[in-house]
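Note that this is a predicted model, so its numbers are computed, not measured. Order of listing sets the numbers, starting from 1, for every ligand and every atom in it.
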Amino acid sequence: MHVLVCGAGLIGVSTAYYLAGHGHEVTVVDRRVGPGEETSFANGGQISPSHADPWASPAALVRIVGWIGKPHAPLLYRFRREPALWEWTARFLANCTGARFQRNSERMLRVALYSLETLRELRAATGIDYDQRESGILHIFRSQEAFDAARRQAERVTALGCPRLAVGRDECVAIEPALADAAETLAGGFHCPDDETGDAHKFTLALADRCRDLGVRFYFDTSVSMLSRRGNRVVDVRTTDGPFRADAYVLALGSYSPLIAETADIRLPVYPAKGYSVSLPLRDAAKAPVSGLIDDERKHVYSRLGETLRVAGMAELGGFDTYIDAARAGYIRDSATALFPDATDPAAAEFWAGLRP
Ligand SMILES: Cc1cc2nc3c(=O)[nH]c(=O)nc-3n(C[C@H](O)[C@H](O)[C@H](O)COP(=O)(O)OP(=O)(O)OC[C@H]3O[C@@H](n4cnc5c(N)ncnc54)[C@H](O)[C@@H]3O)c2cc1C
């Protein structure tokens, strides 16, 4: 079968790899000059099944209200006259009940554990290198109240086969010695030894090379404008390079998938949540974290990627712009510098913004 994959981000390239491995003829189209140039470019780098909790939860409502008006709030809601945003918000709110949270977190955990297993098999089969580290992720808490409140979900996730183990302040420092200076500010943490970190862009580039070895054809600088539909079937995909026909089509355009799906009257409940990352070159590796870290209070994630410390966070709901708000991105950089003084060179920080689908 000939399959056309629209989108060469992490998802499109991974899909192409598995389809080609199963003997299909695969073509990939993307509007950028190469693979992984949009959301898969500089994300937080965390492979964290232990944190596959849905954002929609009873606690989220209380937290979001508390963040209103705060300039460095982890989540910003920019009110717009946009039906897609309202529809997404209505679905989000409907999923904030305790029962839905439980159901959704169990479903997400199953997918996440399956993905982790698949990633490990893929790594063994291909030998690709993407600055991966398999040394777990430490989730730190500064507030005792928040730490205590997180225990129940940690126990549930652990019972479902994904260890999220409570550790005290001293154990946090033993796991992550670079936290020594901040020890006094910590209430405790959860250690998730099965989690990993890695560079999503490097992963996507390396896997795209393996795809080419398997005969996958890539067309870059090719923008998809619509799906042509006849009855229940998509018959071709219209692009700036003319129509592409295949036996089956995969839509992997990240946050843009709903816009293209809509041209064939298909509605997808996906909306972009803009986030920022800051990549800080290491100055003194001994003072930087050895693996992954999550700072619960600020909702910032840290990943050690080669000679770089990647820090990511913030979620802004309000359209498709990838404008970098200097104050918000700067807050992420400053938080990293405060937590790991002298580890990195803040003057050489690289800022990025992307749209989480
Ligand atoms: C700040 C931030 C931090 C994150 N941290 C993490 C993390 O730590 N761990 C984690 O698992 N996830 C994280 N994510 C989420 C993760 O990065 C995304 O889920 C993932 O990259 C999405 O991959 P994708 O292939 O679906 O989308 P994309 O990478 O966006 O790929 C979509 C592709 O489609 C192409 N495209 C779009 N529209 C068109 C069109 N009309 N025509 C042709 N091509 C088109 C784009 O060029 C792009 O290459 C983070 C995201 C952000 C923003």
Under-4.0 Å salt bridge between Glu196 and Arg133
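Salt bridge absent between Glu196 and Arg133.
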Nearest protein heavy-atom contact for [atom]: which residue, which atom, what distance?
{"atom": "atom 52 (C) of ligand 1", "result": "Arg356 CG, 3.6 Å"}
{"atom": "atom 5 (N) of ligand 1", "result": "Gly44 N, 2.9 Å"}
{"atom": "atom 25 (O) of ligand 1", "result": "Ile11 N, 3.0 Å"}
{"atom": "atom 19 (O) of ligand 1", "result": "Pro357 CD, 3.8 Å"}
{"atom": "atom 43 (C) of ligand 1", "result": "Arg31 N, 3.2 Å"}
{"atom": "atom 50 (C) of ligand 1", "result": "Asn43 CB, 3.4 Å"}
{"atom": "atom 18 (C) of ligand 1", "result": "Thr39 CG2, 3.9 Å"}
{"atom": "atom 41 (N) of ligand 1", "result": "Val224 O, 3.0 Å"}

Of all the atoms in ligand 1, which lie at a distance below 4.0 Å from a heavy atom belonging to [X]?
{"X": "Gly7", "result": "33 (C), 34 (O)"}
{"X": "Thr222", "result": "43 (C)"}
{"X": "Gly9", "result": "25 (O), 29 (O), 31 (O), 33 (C), 49 (O)"}
{"X": "Ser223", "result": "42 (N), 43 (C)"}
{"X": "Arg32", "result": "47 (O)"}
{"X": "Glu38", "result": "30 (O), 46 (C), 47 (O), 48 (C)"}
{"X": "Ala252", "result": "32 (C), 33 (C), 34 (O)"}
{"X": "Gly354", "result": "53 (C)"}

Decide whether Leu116 and Leu138 are clustered together by the hydrophobic rule: side chain heavy atoms of Ile, Leu, Val, Met, Phe, Trp, Tyr closer than 4.5 Å, transitively.
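Each belongs to a different hydrophobic cluster.
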Polar contacts were defined as any N/O atom of the residue lying under 3.5 Å from an N/O atom of the ligand; does this apply to [X] and ligand 1?
{"X": "Tyr256", "result": "no"}
{"X": "Trp352", "result": "no"}
{"X": "Leu355", "result": "no"}
{"X": "Tyr276", "result": "no"}
{"X": "Val301", "result": "no"}
{"X": "Gln46", "result": "yes"}
{"X": "Ile260", "result": "no"}

Gln46 side-chain N/O to Tyr302 backbone N/O, donor-acceptor pair under 3.5 Å:
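Indeed, once roles are kept as given, a pair shorter than 3.5 Å links the two residues.
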Less than 3.5 Å apart, any donor N or O on the side chain of [X] or [Y] sitting next to an acceptor on the other?
{"X": "Ser40", "Y": "His201", "answer": "no"}
{"X": "Arg298", "Y": "Ser335", "answer": "yes"}
{"X": "Gln153", "Y": "Asp53", "answer": "yes"}
{"X": "Ser50", "Y": "Asp195", "answer": "yes"}
{"X": "Arg283", "Y": "Thr344", "answer": "no"}
{"X": "His51", "Y": "His139", "answer": "yes"}

Looking at the rings of Tyr331 and His300, which for Trp means the six-membered one, are their centres under 6.0 Å apart?
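Distance test on ring centres: under 6.0 Å, yes.
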Under 6.0 Å between ring centres: does that hold for Phe244 and Tyr249?
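Centroid distance Phe244-Tyr249: not below 6.0 Å, so no.
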Please evaluate residues Asp321 and Lys274 with respect to the criterion salt bridge (charged side-chain N to carboxylate O under 4.0 Å, His left out), reporting the C-alpha separation (whole Å), side-chain torsions for both, the decisive distance (0.1 Å), and the verdict.
CA-CA 8 Å; Asp321 82 75; Lys274 180 165 86 173; 2.9 Å; yes
Starting at OG of Ser257, measure out to CG of Leu259 and round the result to the nearest 0.5 Å.
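Going from the OG atom of Ser257 to the CG atom of Leu259 covers 8.5 Å.
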Holding to side chain to side chain contact (heavy atoms under 4.5 Å, CB included), I want the full list of residues that pass it with Thr89, two or more places apart in sequence or in another chain.
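Thr89 satisfies side chain to side chain contact (heavy atoms under 4.5 Å, CB included) with Tyr77, Leu85, Leu93 once adjacent residues are dropped.
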Qualifying residues under side chain to side chain contact (heavy atoms under 4.5 Å, CB included), relative to Ser255, sequence neighbours excluded:
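With neighbours one apart ignored, the set is Pro272, Phe320, Leu355, Pro357.
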As a check for students: among [options], identify the option with a heavy atom nearest to [atom].
{"atom": "atom 1 (C) of ligand 1", "options": "Gly275, Ala273, Ala42, Ser48", "answer": "Gly275"}
{"atom": "atom 35 (C) of ligand 1", "options": "Asp30, Thr240, Ile294", "answer": "Asp30"}
{"atom": "atom 23 (O) of ligand 1", "options": "Ser40, Ser14, Gly292, Gly313", "answer": "Ser40"}

Any heavy atom of Gly36 sitting closer than 4.0 Å to ligand 1?
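The answer is no: ligand 1 sits nowhere under 4.0 Å from a heavy atom of Gly36.
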With a 4.5 Å cut-off on side-chain heavy atoms, are Ile140 and Ile294 touching?
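Heavy-atom side-chain distance check fails, nothing below 4.5 Å.
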